[in-house]
Amino acid sequence: MKRGIMITDLKVNEKNKKEYYEKGYWTERTLNDIWNTQVAAFPDREYVSDNLGVRYTYAEIDDKASRLAAWLHDVGVKNGDVVSYQMPPWSEFCILYVACLKVGAVSHPLPVTFNDEDLIYSMNLVESKAFMCPTFHHKTNFEDQILSAVDRIPTLSKDAICVHDKTIESHGTITLKQICETYEPYRENPGSKSDDVVLILSTSGTTGRPKAVLISHNALIFSETTFSRGLHLTQDDVMFMPAPLNHATGFNHGLITPLLLGGRVVLQQEFRAREAIEIMNNEGVTWSMGATPFIFDLLNCAEENDLKFETLKLYICGGAPVPGTMVQRAHEHGLKLCECYGSTESCPHLAVPPEHCLEWNGNWSGVAFEGIEVKVVDEHGNEVPHGTQGEEISRGPHMFSGYLKNPEATAKDLNDDGWFFSGDLCIQDEEGRVKINGRKKEILIRGGINISANEVDNNLDGCPGVGAHATIGLPDDRLGERICTFVVPSDPAAPPTQDDLIAYLRERHVAKRLWPERIEIIDEIPVTATGKVKRFILAQILKERMEAE
């Protein structure tokens with residue numbers, strides 16, 4: 001079996017790094033150190049619960065994670081190795097990430113929607129040394145899926161696969177329960193340093209393939225510290241997280257923010273608005289965060305069923321602009337609805353302060369959190385005057401350290417001075433308030449999830465009946481956008497249907513999240529002189545066709 005990767009090629013500006021240490025933004029403490037401190041301080045305090053009835057205190061997570069860490073060490077996982085896992089938003093997710101901290105492994109949480117080909121690509125990219133998943137969840141047998149793929153992942157052996165048999169029995173793979181019953185807690189020093197990578201999150205770029213975003217202990221700790229300060233969160237606040245935990249929203253804000261505060265988080269396996277309101281009321285939830293569809297459904301459900309938010313006071317909304325009408329609706333229910341903005345690489349670095357949400361009323365995306373710089377620049381990288389549209393760029397102690405094995409993309413998005421180029425257009429006023437106006441990148445955001453239009457298009461190359469084609473976002477009240485693909489039929493007399501395209505994609509094992517949800521037939525795809533698709537023209541055509549309907 002191949003040795004795993006040692007992640008050493010990090011892009012961090014040394015002058016910035018020195019400044020961050022001098023200002024106390026960065027310290028020598030790792031996330032594992034903070035975990036140990038909180039367990040010692042609050043052993044019997046609940047850390048996590050979910051809607052399936054599972055609850056764990058800090059001490060209970062610590063014990064189970066220590067035993068899982070012993071197994072990880074036993075199968076050869078060392079400090080700096082990458083451990084991948086697919087886990088629904090169950091309380092047990094916390095056991096996995098804490099076990100990684102205890103052996104100094106890099107956490108690599110993956111979407112439960114990833115199929116075998118997705119796993120093979122992502123895990124070979126990071127050179128995973130161990131893998132953990134449920135036996136079965138939501139129509140997928142994850143144990144069968146990883147066993148069918150393991151021979152194509154050279155750094156992974158069958159002995160380094162662990163399953164959680166919460167739903168159905170394992171057929172031979174070691175289970176989390178067996179590990180917790182047979183292994184003694186791992187008590188060795190993991191050897192990790194605060195400048196090391198602690199987390200790899202997958203993001204989807206314009207190239208189509210997910211990029212592996214490298215996040216250090218220091219960056220993650222600072223990100224969530226400045227985030228919670230800016231939103232006035234305390235130890236007494238209870239977080240509700242219904243989103244997947246493999247994204248920055250779920251992992252960073254759902255799990256790490258409560259940890260740093262010594263607080264607690266409540267998870268929901270699958271978001272259902274009425275159940276969510278009941279859970280929040282029963283659990284004393286005070287704040288939540290998610291993409292616009294979540295709050296859209298919560299407000300609709302509350303109004304249709306005459307329900308009250310008894311303890312929820314703050315909702316942080318990312319992934320799409322928040323209209324003033326929704327801010328007002330939330331206010332009528334006693335909620336402060338605040339937009340935030342960021343990315344996996346530059347994890348939310350702008351937000352509307354809760355005390356200003358009504359006053360700003362959806363007109364601004366936010367101001368930078370303490371310690372984070374934001375500028376607006378032209379196509380040459382020069383700062384533009386206030387009120388002039390340009391590209392949003394950010395810099396700070398929260399920043400990622402580059403994309404794994406992708407120096408070209410790292411150089412393009414993260415310059416030598418530490419500025420991250422978002423690819424998003426915005427304006428900024430004299431007070432530092434930023435309004436995001438649109439995207440330069442060919443990304444559409446469906447329910448808070450970034451989807452590469454190019455990836456959708458690439459998957460359709462070679463589809464029978466499909467000539468030139470281009471994908472754009474279809475406006476949707478609930479999800480923000482859906483996937484709409486314009487197709488020039490190779491035979492105008494027999495244009496392909498949506499079912500034809502889906503049958504082709506299904507046969508090629510393309511993940512469902514990348515399937516077009518609307519097909520528009522067109523005579524010709526509009527392009528620039530250099531061959532780039534004029535997606536704004538397609539958006540106008542789509543708007544006209546929808547209005548005509």
Side-chain angles (χ1 to χ4, degrees), residues 3-12 14 17-18 20-21 24-41 47 58 61-85 93-109 123 126-132 155 160 162 183 185-201 212-225 245-246 248 251-252 255-257 259-260 347 397-405:
R3 173 80 177 92
I5 194 172
M6 284 302 292
I7 303 170
T8 53
D9 190 21
L10 305 182
K11 187 169 184 178
V12 180
E14 288 300 319
K17 178 177 174 178
K18 184 170 180 286
Y20 299 156
Y21 271 105
Y25 292 155
W26 284 4
T27 71
E28 302 293 338
R29 294 181 83 203
T30 66
L31 206 55
N32 185 60
D33 294 330
I34 291 172
W35 173 263
N36 290 335
T37 298
Q38 302 299 56
V39 172
Y47 172 48
Y58 279 85
I61 289 284
D62 189 69
D63 178 70
K64 290 179 183 298
S66 297
R67 295 171 191 276
L68 181 59
W71 172 79
L72 287 171
H73 181 263
D74 195 34
V75 297
V77 174
K78 296 180 175 61
N79 176 32
D81 284 337
V82 178
V83 173
S84 300
Y85 45 94
F93 189 104
C94 298
I95 299 169
L96 310 190
Y97 96 78
V98 175
C100 291
L101 295 179
K102 288 180 176 293
V103 288
V106 180
S107 268
H108 181 228
M123 291 172 68
V126 304
E127 300 182 34
S128 304
K129 281 298 298 291
F131 182 79
M132 301 177 283
T155 53
C162 156
Y183 279 83
Y186 185 75
R187 301 295 186 205
E188 301 298 315
N189 187 318
S192 46
K193 301 284 187 282
S194 61
D195 290 331
D196 294 345
V197 172
V198 66
L199 177 65
I200 298 177
L201 295 177
V213 178
L214 303 173
I215 302 166
S216 71
H217 289 264
N218 268 326
L220 184 53
I221 293 165
F222 176 82
S223 164
E224 299 319 294
T225 301
L245 300 176
N246 58 280
F251 195 102
N252 300 19
L255 303 181
I256 303 304
T257 297
L259 164 62
L260 298 184
C347 196
H398 68 301
M399 193 61 67
F400 82 126
S401 305
Y403 301 112
L404 181 64
K405 299 181 188 174

- Note on the structure: Hits for salt bridge (charged side-chain N to carboxylate O under 4.0 Å, His left out) against K64, two or more places apart or cross-chain, chain-then-number order -> none

- Task: Check T30 against S192 and note the closest heavy-atom contact, atom names and distance.
- Result: CG2-O, 3.6 Å

- Task: Supply the atom-to-atom distance K129 NZ to S84 OG, rounded to the nearest 0.5 angstrom.
- Result: 12.0 Å

- Parallel under 30°, tilted from 30 to 60°, perpendicular over 60°: which one fits the rings of Y21 and W26? perpendicular

- Task: Take Y183 and D74, measure what side-chain hydrogen bond (donor to acceptor under 3.5 Å, both in side chains) needs, and give me the verdict at the end.
- Result: CA-CA 10 Å; Y183 279 83; D74 195 34; 2.6 Å; yes

- Within the 6.0 Å centroid threshold, strictly below: Y85 and Y97: no

- Query: What closest approach, in Å, do A99 and A69 show between heavy atoms, and which atom pair accounts for it?
  - Reply: O-CB, 3.7 Å

- Query: Given the rule in the side-chain contact (heavy atoms from CB on, under 4.5 Å) test, do F400 and L201 qualify, once you have shown the distances and angles that lead to the verdict?
  - Reply: CA-CA 10 Å; F400 82 126; L201 295 177; over 6 Å; no

- Note on the structure: Rounding to 0.5 Å, atoms CG (L260) and CD (Q38) come to a distance of 7.5 Å

- Query: Do you know the tightest heavy-atom contact between I5 and V126?
  - Reply: CG2-O, 3.2 Å

- Message: Under 6.0 Å between ring centres: does that hold for Y186 and W71?
- Response: no

- So, do S194 and E28 sit near enough that their side-chain heavy atoms are less than 4.5 Å apart? yes

- What distance separates H217 NE2 from K193 NZ, expressed to the nearest 0.5 Å? 10.0 Å

- Pairwise side-chain contact, K102 with N32, heavy-atom cut-off 4.5 Å (strictly under): yes

- Query: Can you tell if the side chain of Y58 reaches within under 4.5 Å of the side chain of L259, non-hydrogen atoms only?
  - Reply: yes

- Message: With a 4.0 Å cut-off on N to O distance, would you call K405 and D9 a salt bridge?
- Response: no

- Task: Assign the ring pair H398 / F222 to parallel, tilted or perpendicular, where the plane angle (0 to 90°) is split at 30° and 60°.
- Result: tilted

- Item | V198 and L101, any side-chain heavy atoms less than 4.5 Å apart | yes

- Task: Any chance you could measure M6, atom CE, to K78, atom NZ, to the nearest 0.5 Å?
- Result: 10.5 Å

- Item | Backbone of G191 reached by a side-chain donor or acceptor of N79 within 3.5 Å | yes

- Can you measure from CD1 (I61) to OG (S66) and round to the nearest 0.5 angstrom? 10.5 Å

- Message: Name the residue from N252, I256, L31, V213 that meets the side chain to side chain contact (heavy atoms under 4.5 Å, CB included) definition with L199.
- Response: N252

- Query: Which heavy-atom pair separates V83 from A105 by the least distance, and what is that distance?
  - Reply: CG2-CB, 3.7 Å

- Determine whether L255 and C94 make a side-chain contact, defined as any pair of heavy atoms from C-beta on separated by less than 4.5 Å. yes

- Message: side-chain contact (heavy atoms from CB on, under 4.5 Å), that's the test. Do L10 and S216 meet it? Break it down for me.
- Response: CA-CA 9 Å; L10 305 182; S216 71; 5.7 Å; no

- Message: My understanding is that only residues two or more places apart in sequence, or in another chain, count here; which of them pass salt bridge (charged side-chain N to carboxylate O under 4.0 Å, His left out) with D63?
- Response: R67

- Message: Quick one, S401 with V12, criterion side-chain contact (heavy atoms from CB on, under 4.5 Å). Give me CA distance, side-chain angles, the key distance, then yes/no.
- Response: CA-CA 6 Å; S401 305; V12 180; 3.9 Å; yes

- Minimum side-chain heavy-atom gap I200-I215 below 4.5 Å: no

- Heavy-atom distance under 4.5 Å between the side chains of I7 and L404, does that happen here? yes

- Query: Can you check whether D33's main-chain N or O pairs, donor with acceptor, with N36's side chain at less than 3.5 Å?
  - Reply: no

- Query: How long is the span from the CH2 atom in W35 to the CG atom in D62, to the nearest 0.5 Å?
  - Reply: 6.0 Å

